[in-house]
Structure formats: structure tokens, C-alpha cells
Amino acid sequence: MLNDFLQMKGVTKQQLQALLDSAFEMKRRILSADKFSDELKGKMIATMFYENSTRTRTSFEDACKYLGATVASLDVATSSVQKGESLVDTAKTIEAMGTDAIVIRHSVSGAPKLVADSVDIPVINAGDGLHAHPTQALLDLFTIAEHFGKVEGLTVAIIGDIKHSRVARSNMESLTTMGAKVKIFAPPTMLPIGAERMKCTVCRTIEEAFIGTDAVLGLRIQLERQQTGLFPSYGEYSAFFGINDSRMKLANKGAIVMHPGPVNRGVELAYDVLDKDYCVKDVQVANGVATRMALLKAILGGKQ
Ligand code: CP
């Protein structure tokens, strides 16, 4: 049984495989006529989103409802956070109400760990600063496993704003744990210092990123986490670093394009990619519900 789920680092291949197996079952259930169960009946899950979200927050809420759990969403903008209540005090307050687990997103790296160290209930990281977005990586892993029937031996290229991307960091961990090869390509201003020591190969040209690749994962430009001036214009970014149909022709036959969303249309992903069957960004969104159901069940359901 999992307790907290704060990062992909340290999650074993066996644990990831168990979550994938469970997520396949959850997806079958979602697609059936009978998608509601009472497996987590009686459980109360709180979401605390200190940063904006559409996909992660909604899919956690859907996952709770499909499993029969009750969900309470803290509205940070109208909560006592605005009166100066600290993160830890807020989390302890939520815990004191009988909550069984907390799902938290925060702009500060390490905030979910701080909460996990302060409460006695499981904490799930829904994205913290530049650090980790483990449930996004889980749904990305599931999407690759579902599409190709395997993860081991595949090559995944992550392209874009690596420096500011918690999605990239979490994906490097989970993909390599499951036996995939990861390549990265970024504008020099968006490549972290020490990138060559990460669990990936650093590509020197964009062509290198596409050649021999099975899945191309584009990253959103994290405007909210950047200083300005990291690239001259959206047009220039798209021309030199964008994922487009002609570049996809360099990739392996049957290669897919992924993106965690939200997409800056025409920037990270060209318009001629967005309408292609090989662009699976909406499949990723759907898989976010099944994988978060699997995770909640693993944490609160009594067995892994
Ligand atoms: N991918 C992702 O985390 O999307 P949201 O910000 O909409 O949750």
C-alpha cells in the first residue's frame, strides 16, 4: 500500500507496474456503462490547489466520485489563507475535519513534502513548483503503455522548457524506471545547468530529438515561472523548437505526440500536429482519471 505520493523518484518498477495494471482496469470501468463503484465509500479527500488547474483538479475530483469517495475542494482565493493562515496550519485544519487524504498543488517546490511531514494522513502531490508532477508522469506512462503495449525499449523525446518543467523531471524518473530511453531538447536558455547529469540524453539539434523516437512529449512554455527574455518571440520558438508534422516524419513509424496541457497552440505544437491522430493529448486527459483512480485506490483502498 502506498502512503504519500510526492515524487516519482524512489517509486519502484513494481509499484509503477501495479498502478498501471490497476489503471487499465479503471479505464475499462470508465468506458463501461457502470463506472461508479463504492470502493472508497466513506473516504473524504480534500483538494488544496494553490495554483490554477483544469485537468489535474477535475480528474482527481472525478476519480473520487467514480470510486464513491467524497471530495472537498479548498477554494484558496476565498479561504483563510487570504487572512494569512499558513500552509501547515491550513493542512492541519483540513486534517482535523476527518479528511482521509490531501491532494495539493503549490507554486513552491517542496510544499507537499512540508504538508506530508506535518499531517498524519496521505498527501498526494498534484504539482509543486519546478520539482515534480508525479500524477502527470503516471498518466503519461499509462498513455505510452496503452498505445504501444509496452514501455521498455521505447525512446521518448521531451522537447521544450525543461528548466521550468516539473513534468519533465517526473517523466524522466518514471520512464527510465520502466526501461524507456529519454532524450531532451531545449532552447539553451531553458536547459537546466547539469542537464547532462539527469536521467536522459541531451540532444544538440532538434532533428536528433526526433530521429529514432517513439513518443515526442512537448512541454508548455512556463510563462509564470520564467524571467522574460528566454526566447525572442513565439514565432521564433515555434520555428526552432516547435513540434510540427514535417519534424514528426523524422520520428519512428507510428510515433505519437504528447503534451501535458494546456497547449499554447501554434507554439509548442504546430497547428498541423494538433489535428493529427498521432497527437494523443486528449487521450492523456482521459487517462488522467483512470490513473488517479488507481492511485487513490492504492493509497486508500487497503491494498496496493
Ligand atoms: N497538465 C496539467 O497539470 O494541467 P492542469 O494545470 O490543467 O492541471
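Index from 1, following the sequence. Just follow the structure's listing: the first ligand is 1, and inside any ligand the first atom is 1.
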Walk me through whether Arg166 and Glu173 qualify under salt bridge (charged side-chain N to carboxylate O under 4.0 Å, His left out).
CA-CA 11 Å; Arg166 56 198 182 200; Glu173 292 290 343; over 6 Å; no
Search all heavy atoms of Ala298 against all heavy atoms of Leu19 and return the closest pair with its distance.
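It is CB-CD2, 3.8 Å.
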So, for Leu141 and Ser174, which heavy atoms are closest and what is the spacing to 0.1 Å?
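Heavy atoms of Leu141 and Ser174 come nearest at CD1-O, 4.2 Å.
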If hydrophobic residues (ILVMFWY) are linked whenever their side-chain heavy atoms come closer than 4.5 Å, directly or via other members, who joins Leu139 in its cluster?
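Members alongside Leu139: none; it stands by itself.
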To which residues is Leu114 joined in a hydrophobic cluster, defined by side-chain heavy-atom contacts under 4.5 Å among Ile, Leu, Val, Met, Phe, Trp and Tyr, whether direct or through other members?
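Other cluster members: Leu6, Met48, Tyr50, Leu74, Val76, Val81, Leu87, Val88, Ile94, Ile102, Ile104, Val115, Val119, Ile121, Val123.
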Test salt bridge (Lys or Arg N to Asp or Glu O under 4.0 Å) applied to Glu208 - qualifying residues, sequence neighbours left out:
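Result, salt bridge (Lys or Arg N to Asp or Glu O under 4.0 Å) vs Glu208: none returned.
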Give me the pairs of N or O atoms, one from ligand 1 and one from the protein, that sit under 3.5 Å apart.
from, atom 1, to, atom 2, distance (Å)
ligand 1, 1 (N), Gln136, OE1, 3.0
ligand 1, 1 (N), Pro260, O, 2.8
ligand 1, 1 (N), Gly261, O, 3.2
ligand 1, 3 (O), Thr56, OG1, 3.0
ligand 1, 3 (O), Arg105, NH2, 2.9
ligand 1, 3 (O), His133, NE2, 2.8
ligand 1, 6 (O), Arg105, NH1, 2.9
ligand 1, 7 (O), Thr54, N, 2.8
ligand 1, 7 (O), Arg55, N, 2.9
ligand 1, 7 (O), Arg55, NH1, 2.7
ligand 1, 8 (O), Ser53, OG, 2.6
ligand 1, 8 (O), Thr56, N, 2.9
ligand 1, 8 (O), Thr56, OG1, 2.7
ligand 1, 8 (O), Arg105, NH1, 3.4
ligand 1, 8 (O), Arg105, NH2, 3.3

